[in-house]
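Below is one structure; the comments refer to it alone.
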Amino acid sequence: MLKGLNAVVTGGSRGIGREIALKLAQNGANIFIPDIVISENTEQTLSDCRALGVQAEAMVCDVSSFEAVKEFCDRMAKEFGGVDILVNNAGITRDGLLGRMSEENFDAVIATNLKGAFNFCRNLYRNFLGRKSGRIINISSVVGLNGNIGQVNYSAAKAGLIGLTKSVAKELAARNVTCNAIAPGFIQTAMTDALTPEVRAQYEASIPLGRLGIPEDIANLALFLCSPSASYITGEVIRCDGGLAM
Ligand code: NAP
C-alpha cells in the first residue's frame, strides 16, 4: 500500500514510534528516523524494518533544534528523494505540579513536543508543496484535550499540537497534503512504565475498555491515516484511548 514512499518517524526507535515505523515498513514504506542519539534501540528498529524489505536509516537529530531538523530535511531531499509521510511522534514528559514546575521543565517539553513538530512541518513545507501529496500525522494526547494534574507543560504542548495540526491542514489542503492528529490515552511504553502499580490500577479502572492500550493500537490508526482510505480526512483529531476521554 505504501510501497516506495519515504516515511519520517520522529522518536521512531522505541515505544509508539517504533511500532508506527514497523507498521509502515510492513506496508512497503522506507523508514527514516531522526534520533537524538543512535542507540541499540535505534539499530534494532532499523534492522527489523530492513528485514521487511524496505530501506531504513537513522540520522542524529534533536527535533527541538530548528537547525538540526533543517539539516535532516536537506539530507532527505538530496540523498533520499524527499518525504511522503511525516509522523511527529518524538515526545518527553517532565511532570510536576504547577507550584513546583520549573521554567526549564516547561520549556523543554514545549521545545520537543510542540516546536519539534513545527520544525519538521516548516522545513518540509516546500517538499510537500512540490510533491502535491503527502501525509502528516502529529501524535498529541488525550491530556491535550482535557488537561491533567501535574502536566501543565505536557498538556499545553499537546493542545498546541492540535492547533498546529488544524492550521497546517488548512494551509496544505490545496496541495493534497493531509494533516491529522492522534490523541492516545494511556499506552504501555517506557513513558507509562514509570507509573506506580497503584496509579496504573487507577488509570485502568477509569478506562471504559478496561485496559491500557498497546503501541500497535496507535500504529494501526497511523497506518489508516497514511492509506488511500483516509484521503478525505484532514484537520481531524482522533482519540485512541479505550474511551477514556469521551
Ligand atoms: P517513549 O517510549 O518515551 O519514546 C519517545 C521517543 O522520542 C524516543 O525514541 C526518544 O528518543 C524520542 N525523543 C525524545 N526526545 C527527542 C528529541 N529531542 N529528538 C529526537 N527524538 C527524541 O514515548 P512513547 O510512549 O512511545 O510516546 C510517543 C509519543 O506518544 C510521544 O509524543 C508521547 O507524548 C505520545 N503519547 C504517549 C502516550 C503513552 O501513554 N505512552 C500517551 C499519549 C501520547 P530516545 O530513545 O533517544 O530517548
Side-chain angles (χ1 to χ4, degrees), residues 8-23 31-46 58-73 86-95 105 107-120 123 137-148 150-151 153-162 164-165 181-195 199-200 203-204 206-207 211-219 221-222 237-242 244-245:
V8 171
V9 183
T10 73
S13 57
R14 63 190 169 95
I16 292 171
R18 169 183 154 84
E19 214 55 40
I20 293 174
L22 288 171
K23 189 66 73 178
I31 302 299
F32 298 87
I33 300 178
D35 208 339
I36 196 158
V37 233
I38 309 290
S39 62
E40 267 179 38
N41 288 329
T42 320
E43 297 295 354
Q44 186 63 52
T45 300
L46 294 177
M59 295 172 234
V60 174
C61 173
D62 176 350
V63 302
S64 69
S65 158
F66 189 84
E67 274 314 306
V69 172
K70 182 175 185 316
E71 212 173 291
F72 178 94
C73 294
L86 166 64
V87 184
N88 286 307
N89 163 82
I92 57 168
T93 51
R94 297 282 184 273
D95 295 352
N105 281 349
D107 289 346
V109 168
I110 299 290
T112 299
N113 296 268
L114 178 57
K115 191 177 168 227
F118 164 75
N119 289 341
F120 273 93
N123 281 299
I137 299 171
N138 296 318
I139 307 298
S140 179
S141 167
V142 290
V143 310
L145 297 168
N146 289 359
N148 198 23
Q151 293 196 307
N153 49 2
Y154 185 76
S155 54
K158 294 303 191 184
L161 212 40
I162 291 172
L164 179 147
T165 298
I182 296 176
F186 294 110
I187 308 298
Q188 286 173 41
T189 67
M191 209 175 252
T192 44
D193 284 348
L195 300 175
V199 172
R200 193 189 167 91
Y203 281 149
E204 277 169 357
S206 66
I207 299 169
R211 64 168 177 91
L212 268 67
I214 56 172
E216 198 177 4
D217 293 324
I218 307 303
L221 179 51
V237 183
I238 305 179
R239 287 188 295 109
C240 186
D241 65 351
L244 177 68

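Just so you know, ligand 1 is whichever comes first in the structure, and atom 1 is the first atom listed for that ligand. Numbering of residues begins at 1 and proceeds along the displayed sequence.
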Taking S13 as the fixed residue, which of I38, I36, N41 is the one that meets the side chain to side chain contact (heavy atoms under 4.5 Å, CB included) rule?
-> N41
Write none if no such pair exists; otherwise list each N/O atom of ligand 1 with its protein N/O partner under 3.5 Å and the distance.
{"residue": "ligand 1", "atom": "2 (O)", "partner": "R14", "partner atom": "NH1", "Å": "3.3"}
{"residue": "ligand 1", "atom": "3 (O)", "partner": "R14", "partner atom": "NH1", "Å": "3.4"}
{"residue": "ligand 1", "atom": "9 (O)", "partner": "G11", "partner atom": "O", "Å": "3.4"}
{"residue": "ligand 1", "atom": "9 (O)", "partner": "S13", "partner atom": "OG", "Å": "3.3"}
{"residue": "ligand 1", "atom": "18 (N)", "partner": "D62", "partner atom": "OD1", "Å": "2.8"}
{"residue": "ligand 1", "atom": "19 (N)", "partner": "V63", "partner atom": "N", "Å": "3.0"}
{"residue": "ligand 1", "atom": "25 (O)", "partner": "T189", "partner atom": "OG1", "Å": "2.5"}
{"residue": "ligand 1", "atom": "26 (O)", "partner": "I16", "partner atom": "N", "Å": "2.8"}
{"residue": "ligand 1", "atom": "32 (O)", "partner": "N89", "partner atom": "O", "Å": "2.7"}
{"residue": "ligand 1", "atom": "32 (O)", "partner": "K158", "partner atom": "NZ", "Å": "2.9"}
{"residue": "ligand 1", "atom": "34 (O)", "partner": "Y154", "partner atom": "OH", "Å": "2.5"}
{"residue": "ligand 1", "atom": "34 (O)", "partner": "K158", "partner atom": "NZ", "Å": "3.0"}
{"residue": "ligand 1", "atom": "36 (N)", "partner": "Y154", "partner atom": "OH", "Å": "3.4"}
{"residue": "ligand 1", "atom": "40 (O)", "partner": "G185", "partner atom": "O", "Å": "3.4"}
{"residue": "ligand 1", "atom": "40 (O)", "partner": "I187", "partner atom": "N", "Å": "2.8"}
{"residue": "ligand 1", "atom": "40 (O)", "partner": "I187", "partner atom": "O", "Å": "3.3"}
{"residue": "ligand 1", "atom": "41 (N)", "partner": "I187", "partner atom": "O", "Å": "3.3"}
{"residue": "ligand 1", "atom": "41 (N)", "partner": "T189", "partner atom": "OG1", "Å": "3.1"}
{"residue": "ligand 1", "atom": "46 (O)", "partner": "R14", "partner atom": "NE", "Å": "2.6"}
{"residue": "ligand 1", "atom": "47 (O)", "partner": "D35", "partner atom": "OD1", "Å": "3.3"}
{"residue": "ligand 1", "atom": "48 (O)", "partner": "R14", "partner atom": "NH2", "Å": "3.0"}

Taking only residues two or more places apart in sequence or in another chain, which ones pass salt bridge (Lys or Arg N to Asp or Glu O under 4.0 Å) with R211?
-> D217
Parallel, tilted or perpendicular: which describes the rings of F186 and Y203, with under 30° parallel and over 60° perpendicular?
-> parallel
Can K23 and E19 be counted as an ion pair, charged N to O under 4.0 angstrom?
-> no
Could you go step by step and tell me if T42 and S39 meet the side chain to side chain donor-acceptor pair (under 3.5 Å) rule?
-> CA-CA 5 Å; T42 320; S39 62; 3.1 Å; yes
Any side-chain heavy atom of N113 within less than 4.5 Å of one from Y154?
-> yes
